[in-house]
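Only one structure is covered here, and it is reproduced in the block below.
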Amino acid sequence: SWVSALISMLLGALYVLMLEKAMEKRAEGEGLSDIIFKCIGRTAGRILIGIFAVWFTLYCGFVLRSAAERLLSSVYANGSAGFFMVITLLAAVIAASGQLKSIARTGQAFVFIIWGVLIVSIALSAADMKKENLLPVTYLDLPNVLLGTLPVMDIIGGYTFFLFLG
């Protein structure tokens, strides 16, 4: 898993660099959809953006369902996922109906909380690390290493969504 994280960081950095380069020459108020139109034309651009729209819609539904399921399984073992899905969806709609500036400022505030939780989680789990699980890594581990990059790349891929809001 630690090799997967290193490869994911490299691939993620290349991905973000590619997107930043594409967005570098944009005019004021242009988002990723405008850049796509410039690069591949209106017709192909509309098809690609349509694919993005379907993907983001399905992915949001999946994230909503899995987040509700995780909360349910960790807090209320005998509860209903539907209740948590409605509450989470309601909170998302309230956030989305506000101004983009407010959402961005909320994200800036939450990033410190997320970093704090991440640091504490890593610190508390460090005692359970075993050296024999970290080494040796051989070429036989490559398929699993590459498979381990998928969850991290999934998270980094969310960066694309925010570029549409540009």
Side-chain angles (χ1 to χ4, degrees), residues 1-42 44-67 70 88 92 95-96 98-166:
S1 64
W2 67 272
V3 178
S4 296
L6 294 176
I7 292 172
S8 297
M9 287 190 313
L10 176 66
L11 292 174
L14 291 173
Y15 176 71
V16 169
L17 181 67
M18 177 194 72
L19 288 174
E20 288 295 322
K21 277 289 192 199
M23 298 294 285
E24 197 171 77
K25 306 255 189 226
R26 68 186 175 98
E28 182 66 32
E30 281 186 327
L32 186 59
S33 56
D34 300 308
I35 302 299
I36 290 172
F37 288 149
K38 284 181 184 177
C39 291
I40 63 174
R42 292 244 6 114
R46 286 183 187 276
I47 292 169
L48 183 60
I49 290 170
I51 292 169
F52 270 118
V54 169
W55 170 250
F56 285 141
T57 302
L58 293 173
Y59 191 65
C60 284
F62 170 76
V63 169
L64 178 65
R65 173 67 185 185
S66 65
R70 286 178 186 160
T88 306
Q99 293 182 350
L100 187 57
K101 188 184 253 185
S102 307
I103 297 169
R105 293 207 190 276
T106 303
Q108 288 174 332
F110 282 148
V111 76
F112 295 114
I113 296 169
I114 293 169
W115 271 109
V117 169
L118 185 62
I119 289 169
V120 168
S121 297
I122 290 172
L124 292 175
S125 65
D128 292 332
M129 287 188 212
K130 296 182 179 124
K131 186 173 57 173
E132 59 270 9
N133 291 337
L134 299 176
L135 293 172
V137 179
T138 68
Y139 72 93
L140 297 172
D141 298 318
L142 188 61
N144 290 330
V145 166
L146 295 176
L147 191 61
T149 64
L150 292 177
V152 180
M153 292 306 297
D154 177 45
I155 294 166
I156 294 170
Y159 180 65
T160 308
F161 171 73
F162 297 104
L163 293 178
F164 279 107
L165 300 175

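FYI, side chains are in, hydrogens and waters are out, and symmetry mates aren't considered; it's all heavy atoms of this structure.
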Rounded to the nearest 0.5 Å, how far does CG of Leu11 lie from OG1 of Thr149? 6.5 Å
Side chains of Leu58 and Phe62: closer than 4.5 Å at any heavy-atom pair? no
Find out whether Asp141 and Val3 are in side-chain contact, i.e. whether some heavy atom of one side chain is under 4.5 Å from a heavy atom of the other. no
Applied to residues 114-123, the salt bridge (Lys or Arg N to Asp or Glu O under 4.0 Å) test, sequence neighbours excluded, yields none
Value for CZ (Phe52) from CD1 (Ile47), rounded to nearest 0.5 Å, stands at 13.5 Å
CE (Met9) and CG (Leu6) are apart, to the nearest 0.5 Å, by 5.0 Å
Between Arg42 and Phe37, the two heavy atoms sitting closest are NH1-CD1, 2.9 Å
As an exercise, state the distance from OG of Ser4 to CG of Asn144, rounded to the nearest 0.5 Å. 8.0 Å
If I take atom CD1 from residue Ile49 and atom CZ from residue Phe56, how far apart are they, to the nearest 0.5 angstrom? 10.5 Å
Separation between NZ of Lys38 and CG of Asp34, rounded to the nearest 0.5 Å: 7.0 Å
